[in-house]
Each structure stands twice: as C-alpha cells, then as structure tokens.
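Just so you know, residue 1 is the first one in the sequence shown, and it goes up from there.
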Amino acid sequence: MAAADKVDPIHQFQIHPIIPLHIGGYDVSFTNSALFMVVTVLVASAFLYMSTASRALIPGRLQSVSEMAYEFVGNMLRDAAGKQGMQFFPLVFSLFMFVLVANLIGLFPYFFTVTSHIIVTFTLAALVIGTVLVYGFAKHGLGFLKLFVPHGVPGYLLPLVVAIEIISFVSRPVSLSVRLFANMLAGHITLKVFSGFVVSLSAFGAVGIAGSVLPLAMAVALTALELLVAFLQAYVFAVLTCMYLNDALHPSH
C-alpha cells in the first residue's frame with residue numbers, strides 16, 4: 001500500500017482526521033485540511049506582522065514585499081471599483097493572501113493544498129457573493145436589482161436579458177470556485193504523475209535512470225509552472241472579487 005501511495009496522484013488530496021470529533025451525530029473532526037488552513041492563516045499573519053513591525057522609513061526586503069502586496073491589491077481594487085471600493089480592502093487583501101499562501105504551501109512535498117478542494121474554494125466564493133448581495137441590498141435596497149436590468153435593452157428582449165443576467169450572477173460562485181480548484185488540482189496531479197514516472201523508471205537500473213531524465217525535466221518545469229500558477233490564481237481570484245464588489249457599489253450598468 002505504501003508503494004502504491006507514492007505513485008497514486010489522488011492520494012495527496014485525501015482528507016484524514018487528526019483529532020476525531022463527533023457532535024450531535026455530525027463529524028466535525030479536525031482534519032489535515034483544517035490544519036493547513038490554520039497554518040496558512042498563521043504563516044500569512046506572521047509574515048505580514050514580522051515584515052511591517054519595524055515600519056522603517058527605508059523598507060527592507062520583507063517590508064518591501066508587504067508594501068508591494070498592499071499596493072498591488074489596493075490598485076487592483078481602485079481600478080475595478082473606484083475609491084469607494086477601498087472599504088472592501090481588508091476582505092480582498094485577506095482573500096488574496098490566503099489563496100496565495102495556501103497555493104505556495106501546497107508546493108512543498110508532503111504538504112496539503114487546501115485550494116485543491118472545491119468545498120474550500122466554493123466557501124471563499126460564497127463569501128464574496130454573499131458580501132455583494134448583503135452590501136448591495138443594504139446600500140441600494142431594491143435598486144440593487146438594476147444590476148439585472150441593463151440600460152438600453154428593448155422591452156421585448158428584457159425578460160430574456162434579465163434571465164441571462166440572473167443566471168450569470170448565480171453562476172459566479174461556481175465559476176470563481178471551480179477555476180481555482182481545477183487549476184490547483186490538475187497541476188498537482190500532473191506534477192505527481194511525472195514524479196511517479198521518475199520513481200518507476202529509476203527502478204529499472206541504468207537504462208531506466210537514463211529514461212527518467214525527460215520526466216524529471218518535465219517535473220522541474222511543471223514545478224516552476226505551478227509556482228507561476230499559484231500567484232496567477234490568487235490574482236485572478238482577487239481581481240474577479242473586485243469586479244463583483246463593483247456591482248454591489250454601482251449596480252446600474
């Protein structure tokens with residue numbers, strides 16, 4: 001079983017209870033997924049605290065990285081939602097850092113990638129859409145429904161267009177969560193498959209070791225690609241969040 005696990009690309013995504021716990025017939029065990037979510041929050045918080053604790057006028061390397069991340073998310077939010085959007089900066093910045101750090105932690109061998117599970121990414125997406133709905137109705141009342149009624153649409157086309165807009169809005173948490181989940185899942189599976197080829201071929205002696213050079217090179221290239229994807233997916237999740245929050249601020253098309 002141990003040998004099979006080494007080349008099983010799905011084994012890395014299995015959730016195991018660390019502290020078994022059942023309350024009212026429900027399984028609320030503390031799992032490896034929950035552990036790495038806690039680790040993600042602690043690592044992100046520790047980095048931001050340690051890098052900004054000195055508040056130096058001339059920032060060091062770590063403080064520069066923190067300030068770059070701050071400005072990066074701030075500019076993204078202002079470009080998508082205007083100055084009013086900055087009230088959502090804590091939410092967007094927290095989501096960006098959580099997704100980014102979780103993606104990066106998942107690149108370490110024997111670590112767990114929490115963003116490779118649809119329930120985690122869907123929860124984050126539901127938080128975004130829930131914020132849009134709550135804020136939109138709280139600020140605009142029924143005027144928020146203008147989001148589904150584009151200007152300039154002929155009356156006879158309005159029912160069809162409104163239906164399309166509603167379907168598009170409802171599908172947002174699905175597309176937002178599946179995009180992140182699918183990219184992380186596919187990347188890690190592909191990387192594990194090529195790594196498995198290296199291990200399997202190496203067992204055939206000198207000929208196998210020579211043949212394992214190509215999959216080894218592919219594994220190295222995929223690792224570099226996964227590093228890029230980790231940043232890219234955090235950016236995409238954050239920028240789409242900014243665009244959706246803009247709808248809550250300005251529901252009129």
Peer 1: For residues 83-104, which residue pairs pass the side chain to side chain donor-acceptor pair (under 3.5 Å) check, not counting sequence neighbours?
Peer 2: Gln84-His250, Gln87-Tyr135, Asn103-Thr115
Peer 1: Could you state the interatomic distance from CG (Leu77) to CG (Leu245), rounded to the nearest 0.5 Å?
Peer 2: 7.0 Å
Peer 1: Kindly work out whether a path of hydrophobic side-chain contacts (I/L/V/M/F/W/Y, heavy atoms less than 4.5 Å apart) joins Val38 to Ile19.
Peer 2: yes
Peer 1: Measure the spacing between CG of Asn75 and SG of Cys242 and express it to the nearest 0.5 Å.
Peer 2: 10.5 Å
Peer 1: Got a second to check how far Ser177's OG is from Arg172's CZ, nearest 0.5 Å?
Peer 2: 14.0 Å
Peer 1: Kindly check if the number of other-residue, nucleotide or ligand heavy atoms within 6.0 Å of CG (Leu142) is above 12?
Peer 2: no
Peer 1: Measure from the side-chain N and O atoms of Ser51 to the backbone N and O of Gln63, and report whether any donor-acceptor pair falls under 3.5 Å.
Peer 2: no
Peer 1: Side chain of Asp27, backbone of His22: donor and acceptor closer than 3.5 Å?
Peer 2: no
Peer 1: Kindly indicate, with the supporting measurements, whether the criterion side chain to side chain contact (heavy atoms under 4.5 Å, CB included) is fulfilled by Asp247 and Phe169.
Peer 2: CA-CA 10 Å; Asp247 289 339; Phe169 185 86; 5.5 Å; no
Peer 1: Quick one: side chain to side chain donor-acceptor pair (under 3.5 Å) pairs with a partner in residues 182-191, sequence neighbours left out?
Peer 2: Thr113-His188, His188-Glu226
Peer 1: Could you report the tightest heavy-atom contact between Pro173 and Ile129, atom names first, then the distance?
Peer 2: CD-CG1, 3.7 Å
Peer 1: Considering residues at least two apart in sequence or located in another chain, which fulfil the side chain to side chain contact (heavy atoms under 4.5 Å, CB included) criterion with Ile23?
Peer 2: Leu21, Val28
Peer 1: Is there a side-chain contact between Phe88 and Leu95 in this structure, where contact means two heavy atoms from C-beta onward sitting under 4.5 Å apart?
Peer 2: no
Peer 1: Stepwise, does the side chain to side chain contact (heavy atoms under 4.5 Å, CB included) test hold for Val161 with Glu165?
Peer 2: CA-CA 6 Å; Val161 173; Glu165 290 289 335; 4.2 Å; yes
Peer 1: In this structure, would Met50 and Phe98 fall into the same cluster of hydrophobic residues linked by side-chain contacts under 4.5 Å?
Peer 2: no
Peer 1: Do any N or O atoms from the side chain of Ser171 and from the backbone of Val174 form a donor-acceptor pair under 3.5 angstrom?
Peer 2: no
Peer 1: Just wondering, are more than 12 heavy atoms of other shown residues or ligands nearer than 6.0 Å to CE in Met243?
Peer 2: no
Peer 1: How many angstroms lie between OG1 in Thr241 and CG in Leu91, if you round to the nearest 0.5 Å?
Peer 2: 7.0 Å
Peer 1: Is Val220 reachable from Phe108 through a run of I, L, V, M, F, W or Y residues, each pair having side-chain heavy atoms under 4.5 Å apart?
Peer 2: no
Peer 1: Any chain of hydrophobic side-chain contacts (each under 4.5 Å) joining Val213 to Leu191?
Peer 2: no
Peer 1: What's the shortest heavy-atom distance between Thr52 and Ser66, and which atoms?
Peer 2: CG2-CB, 3.9 Å
Peer 1: What is the minimum heavy-atom distance between Met218 and Phe194, and which atoms define it?
Peer 2: CB-CD2, 3.7 Å
Peer 1: Side-chain heavy atoms nearer than 4.5 Å, only ILVMFWY residues, links allowed to pass through others: does that put Leu225 and Phe111 together?
Peer 2: yes
Peer 1: Are the side chain of His140 and the backbone of Leu249 linked by a donor-acceptor contact shorter than 3.5 Å?
Peer 2: yes
Peer 1: Given side chains that start at C-beta, do those of Leu124 and Leu176 come closer than 4.5 Å, heavy atoms only?
Peer 2: no
Peer 1: Would you check if Phe13 and Ile189 make a side-chain contact, meaning some heavy-atom pair closer than 4.5 Å?
Peer 2: yes
Peer 1: Mind listing the closest non-hydrogen atom pair of Tyr244 and Ser175 along with its distance?
Peer 2: OH-OG, 4.3 Å
Peer 1: Per the ring pair (Phe, Tyr, Trp, His ring centres under 6.0 Å) rule, what does the pair list look like for residues 39-79, sequence neighbours excluded?
Peer 2: Tyr70-Phe89, Phe72-Phe96, Phe72-Tyr235
Peer 1: Where is the tightest heavy-atom contact between Pro251 and Phe144, given as atom of each residue plus distance?
Peer 2: CB-O, 3.7 Å
Peer 1: What's the spacing between Thr40 OG1 and Leu104 CG if we round to 0.5 Å?
Peer 2: 9.5 Å
Peer 1: List, by chain and then residue number, the residues other than Ile164 in its hydrophobic cluster (Ile/Leu/Val/Met/Phe/Trp/Tyr, side-chain heavy atoms under 4.5 Å); write none if there are no others.
Peer 2: Leu160
Peer 1: Take Val39 and Phe112 through the test side chain to side chain contact (heavy atoms under 4.5 Å, CB included) and record every step on the way to the result.
Peer 2: CA-CA 10 Å; Val39 170; Phe112 190 84; over 6 Å; no
Peer 1: Apply side chain to side chain contact (heavy atoms under 4.5 Å, CB included) to residues Arg179 and Leu240 and explain how you reach the verdict.
Peer 2: CA-CA 11 Å; Arg179 182 181 292 104; Leu240 289 177; 3.1 Å; yes
Peer 1: Other members of the hydrophobic cluster containing Ile167, with the 4.5 Å side-chain heavy-atom rule, please.
Peer 2: none
Peer 1: Let me know which of Thr31, Ile105, Val43 forms a side chain to side chain contact (heavy atoms under 4.5 Å, CB included) with Phe36.
Peer 2: Ile105
Peer 1: Let me confirm one number: the OG1-CZ distance from Thr121 to Phe237, rounded to the nearest 0.5 Å.
Peer 2: 7.5 Å
Peer 1: For a quick test of reading the model, state the closest non-hydrogen atom pair linking Ser33 to Val114 and the distance between them.
Peer 2: O-CG1, 3.5 Å
Peer 1: Tell me, yes or no, whether the heavy-atom count around Met68 atom CE, taken from other residues, nucleotides or ligands under 6.0 Å, exceeds 12.
Peer 2: no
